[in-house]
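One is the number of the first residue; the rest follow in order along the sequence. All of these numbers come straight from a predicted model, not from anything done at the bench.
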Amino acid sequence: MSNTHRFFIEDGQGGIITEDGEEAMDYIIEKGDEFNLQNLTNLSEYNECQPVPIELDAENENLENKISLVIEKLGMLGTTHLTKSQLQEPQKLHILELFDNKPYTTTDEVVDSLTKAFEGFMLKKSTLNNFILHECHLTIKRLQRQPKARNDPKCIDARYEWVIE
């Protein structure tokens, strides 16, 4: 690999030349001196990735308009209205308390408990599952029943013997 650097420039007519005026096609590239000519980014991609500064005042009358404009600009939602979550803080705290007391609680048990604790409250399992997954950062697993014979000492010994052979 050589220590000399060559700069290539556009000649104004769509051609590429070296700084000495030689055409780029005439320049011989030695093995190991290959060029990486791939664009890493461009200005428009860079600008799209930059955060949008927002100053919101809760007492401002145009707060909802600003929020809807920001959402449209970010492309998060196609509509300009926001839907309020069914789960409010008391319900969220109730769910967290259930999982703290009994980590293997089923979604049916949580929905039943919420219905009993909060009169007239209805909740879909999908809403609950989204809350558990995205806000509680818990995973939901289905119960898989295993036959009793699977863990029978005879079966375990037979499996062990099969592996040894």
Report the C-alpha separation of Cys136 and Phe99 in whole Å, then their side-chain angles, then the decisive distance to 0.1 Å, and conclude whether the side-chain contact (heavy atoms from CB on, under 4.5 Å) test is met.
CA-CA 10 Å; Cys136 296; Phe99 282 112; 5.5 Å; no
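Not one N or O on the side chain of Glu165 forms a donor-acceptor pair closer than 3.5 Å with the backbone of Trp162. Thr115 places a side-chain N or O within 3.5 Å of a backbone atom of Val111 that can act as its donor or acceptor partner. Looking at Glu109, its side chain does come within 3.5 Å of a backbone N or O of Thr106 through a donor-acceptor pair.
Inter-residue side-chain proximity for Ser113 and His94 is flagged as met; some heavy-atom pair is nearer than 4.5 Å. Residues Ile9 and Ile17 are in side-chain contact: their nearest non-hydrogen atoms beyond the backbone lie under 4.5 Å apart.
Between Asn151 and Arg159, the closest heavy-atom pair is N-NH2, 4.4 Å. The two residues Leu123 and Leu128 make their nearest non-hydrogen contact at CD2-CB, 4.0 Å. Across all non-hydrogen atoms, the minimal contact from Val110 to Ile95 is CG1-CG1, 3.9 Å. Shortest non-hydrogen contact noted between Ala149 and Cys155 is O-SG, 3.1 Å.
The CG atom of Asp112 lies 9.5 Å from the OG1 atom of Thr107; values are rounded to the nearest 0.5 Å. Rounding to the nearest 0.5 Å places CZ of Phe118 at 4.5 Å from CD of Gln91.
Transitive grouping of hydrophobic side chains (ILVMFWY, heavy atoms separated by less than 4.5 Å) keeps Leu96 and Ile132 in distinct clusters.
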